[in-house]
Structure formats: C-alpha cells, structure tokens
Amino acid sequence: QVQLVESGGGAVQAGGSLRLSCAAAGRSLSSYVMGWFRQAPGKEREFVATITWSGGSIYYADSVKGRFTISRDNAKNTVYLQMNSLTPEDTAVYSCAAAPGGRYYLEPYEYDFWGQGTRVTVSS
C-alpha cells in the first residue's frame with residue numbers, strides 16, 4: 001500500500017506560482033509512475049501531468065504545457081508540480097496518483113493509489 005499526501009496548495013492571484021508536493025509513505029515510489037490530476041467544481045477529474053519512475057518520460061496536458069513542470073526526487077520519495085503563470089481556470093483540487101509500471105499513464109483508472117488532494121484557488 002502506498003499513502004500519498006499532497007501539500008502546497010493555497011490561494012494565489014492570477015499570474016502567480018505555486019509548488020505542490022506529493023510525499024509518499026509505506027513504500028518507495030522509485031518504481032512507480034506518478035501523475036497529477038485536478039478536479040474543478042462541477043467538472044470531471046482531468047489529467048495534468050505524468051512522469052515515469054526514472055523521470056525519463058514526462059507528459060503534460062495541453063492546458064498546462066509550458067506553465068507547469070512535474071519532477072520527482074526518488075531519494076525523498078516525493079513528486080512535485082511547479083505551477084507558474086496561474087489563471088483562474090487552474091482553480092481546482094489537485095491530487096497526485098501512483099501506478100506501478102514503466103510507461104506514463106493519462107487516465108485516472110490506470111492509477112492504483114491516490115492522495116486526498118490539495119486545493120488551489122486562483123483569483124483574477
């Protein structure tokens with residue numbers, strides 16, 4: 001079992017930045033694909049970014065490409081999401097997820113473990 005805990009969310013003005021962290025307990029993340037997803041009020045959960053266990057493959061949703069950066073530190077058992085140039089459309093609860101495997105995954109059902117999420121609110 002992998003327990004994931006997100007942190008770093010908060011309220012920020014448009015154009016600002018936040019760095020989300022996802023810390024794991026119970027098992028090393030070094031062999032897991034990690035993903036970030038978000039769910040805005042009244043909307044379905046959507047994919048944001050994913051990174052393979054080695055960090056060698058990364059994929060972003062078009063809506064965040066060029067603004068968000070996913071990274072991981074396997075020694076610290078932590079995955080990060082650096083979010084820059086935030087807009088009100090980025091307002092959502094952000095959750096990290098983990099899945100065993102060698103390639104990246106884009107769909108929520110492909111992930112086995114989820115954190116509780118951290119809220120990000122961007123005001124105009």
Side-chain angles (χ1 to χ4, degrees):
Q1 191 75 3
V2 178
Q3 290 86 40
L4 302 173
V5 179
E6 301 93 339
S7 61
V12 64
Q13 289 190 328
S17 299
L18 285 173
R19 188 194 196 201
L20 306 184
S21 298
C22 171
R27 189 173 296 181
S28 170
L29 287 181
S30 61
S31 61
Y32 285 79
V33 174
M34 300 299 297
W36 284 98
F37 290 80
R38 67 186 182 185
Q39 188 166 18
K43 295 186 177 180
E44 292 188 355
R45 178 178 286 170
E46 67 170 344
F47 165 77
V48 175
T50 182
I51 185 170
T52 53
W53 68 269
S54 67
S57 291
I58 291 173
Y59 193 84
Y60 297 98
D62 288 342
S63 58
V64 306
K65 199 172 296 182
R67 300 187 299 121
F68 290 13
T69 302
I70 188 171
S71 62
R72 66 190 298 162
D73 186 336
N74 288 336
K76 295 183 177 180
N77 234 21
T78 301
V79 178
Y80 305 96
L81 185 68
Q82 177 67 45
M83 306 187 297
N84 299 328
S85 302
L86 287 162
T87 73
E89 288 69 37
D90 295 315
T91 295
V93 174
Y94 286 71
S95 300
C96 64
R103 65 176 182 87
Y104 56 66
Y105 304 119
L106 308 183
E107 299 294 338
Y109 72 82
E110 297 179 294
Y111 289 83
D112 296 327
F113 305 104
W114 290 83
Q116 292 298 311
T118 184
R119 186 174 302 275
V120 172
T121 302
V122 185
S123 59
S124 58

**Item:** Interatomic spacing from OG in S85 to CZ in R67 - rounded to 0.5 Å
**Value:** 7.0 Å
**Asked** Has the side chain of Y60 got a donor or acceptor atom that lies under 3.5 Å from a matching backbone atom of I70?
**Response** yes
**Message:** Do R19 and Y80 form a cation-pi contact, if we require the NZ or CZ to be under 6.0 Å from the six-membered ring centre and within 45 degrees of the ring's axis?
**Reply:** yes
**Request:** Please check if the distance between the ring centroids of F47 and Y105 is under 6.0 Å.
**Result:** no
**Prompt:** If you measure from CZ on R72 to CG on N77, what distance do you get to the nearest 0.5 Å?
**Reply:** 8.5 Å
**Asked** Can you tell if the side chain of L20 reaches within under 4.5 Å of the side chain of S7, non-hydrogen atoms only?
**Response** no
**Message:** Keeping E6 on the side-chain end and G117 on the backbone end, is there a donor-acceptor pair under 3.5 Å?
**Reply:** yes
**Asked** Looking only at heavy atoms, which two atoms of P88 and S124 are closest? And how far apart?
**Response** CG-CB, 3.9 Å
**Message:** Distance check, rounded to the nearest 0.5 Å: S21 atom OG versus D73 atom CG?
**Reply:** 10.5 Å
**Request:** May I ask you to decide if V120's main-chain N or O and D90's side chain share a donor-acceptor pair within less than 3.5 Å?
**Result:** no
**Prompt:** T91 side chain to V122 main-chain N or O, any donor-acceptor pair under 3.5 Å?
**Reply:** yes
**same_hphob_cluster(I58, F68) at 4.5 Å side-chain heavy-atom cutoff** = yes
**Fill in**
dist L4:CG -> Q1:CD (nearest 0.5 Å) comes out at 9.5 Å
**Q39 backbone acceptor or donor facing E44 side chain under 3.5 Å** = no
**Item:** Between OG on residue S63 and CD on residue E89, distance to nearest 0.5 Å
**Value:** 10.0 Å
**Request:** For residues W53 and G101, report the shortest heavy-atom separation together with the two atoms involved.
**Result:** CD1-O, 4.1 Å
**Item:** Closest non-hydrogen atom pair between L81 and A49, with its separation
**Value:** CD1-CB, 4.3 Å
**Asked** Under 6.0 Å from the CD atom of Q82, do we count more than 12 heavy atoms belonging to anything else shown?
**Response** yes
**Asked** Backbone N or O of A92 within a donor-acceptor pair of the R38 side chain at under 3.5 Å?
**Response** no
**Message:** Test your reading of the model: is there a side-chain donor-acceptor pair from R45 to the backbone of S95, 3.5 Å cut-off?
**Reply:** no
**Message:** With side chain to side chain contact (heavy atoms under 4.5 Å, CB included) as the criterion, how do L29 and R27 come out once you've worked through the C-alpha distance, each side chain's angles and the decisive distance to 0.1 Å?
**Reply:** CA-CA 6 Å; L29 287 181; R27 189 173 296 181; over 6 Å; no
**Prompt:** Run the side chain to side chain contact (heavy atoms under 4.5 Å, CB included) check on T50 and Y111 step by step: do they pass?
**Reply:** CA-CA 11 Å; T50 182; Y111 289 83; 3.0 Å; yes
**Request:** Could you give me the CA-CA distance, side-chain angles and deciding distance for C96 and V79, then say whether side chain to side chain contact (heavy atoms under 4.5 Å, CB included) is met?
**Result:** CA-CA 8 Å; C96 64; V79 178; 5.9 Å; no
**Request:** Could you pull out the closest heavy-atom pair between C22 and W36, with the gap in Å?
**Result:** CB-CZ2, 3.6 Å
**Request:** Would you sort out whether I51 and V33 count as a side chain to side chain contact (heavy atoms under 4.5 Å, CB included), showing the intermediate values?
**Result:** CA-CA 6 Å; I51 185 170; V33 174; over 6 Å; no
**Message:** Within the supplied structure, the quantity of interest is the number of heavy atoms (other residues, nucleotides, ligands) at a distance under 6.0 Å from R119 CZ; does it exceed 12?
**Reply:** no
**Message:** Tell me whether L18 shares a hydrophobic cluster with F37, the cluster being built from Ile, Leu, Val, Met, Phe, Trp, Tyr side chains joined at under 4.5 Å.
**Reply:** no
**Asked** Counting N and O atoms only, with roles assigned by atom type, does the side chain of T52 sit under 3.5 Å from a partner on the main chain of S57, one being a donor and the other an acceptor?
**Response** yes
**Message:** If you count heavy atoms of other groups shown closer than 6.0 angstrom to NZ of K65, is the number above 12?
**Reply:** yes
**Request:** Ignoring hydrogens and angles, state whether a donor on the side chain of S17 or N84 is under 3.5 Å from an acceptor on the partner side chain.
**Result:** yes
**Fill in**
Rounded to the nearest 0.5 angstrom, the CD-CZ distance for Q3 and F113 is 8.5 Å
**Prompt:** For D112 and P100, which heavy atoms make the closest approach, and how far apart are they?
**Reply:** OD2-CD, 3.0 Å
**Prompt:** Would you say T78's side chain and K76's backbone share a donor-acceptor pair under 3.5 angstrom?
**Reply:** yes
**Complete:** For A98 and Y32, the nearest pair of non-hydrogen atoms, with its separation, is CB-CD2, 4.0 Å
**Asked** When you measure from the side chain of T118 to the backbone N and O of G9, does any donor-acceptor pair fall under 3.5 Å?
**Response** yes
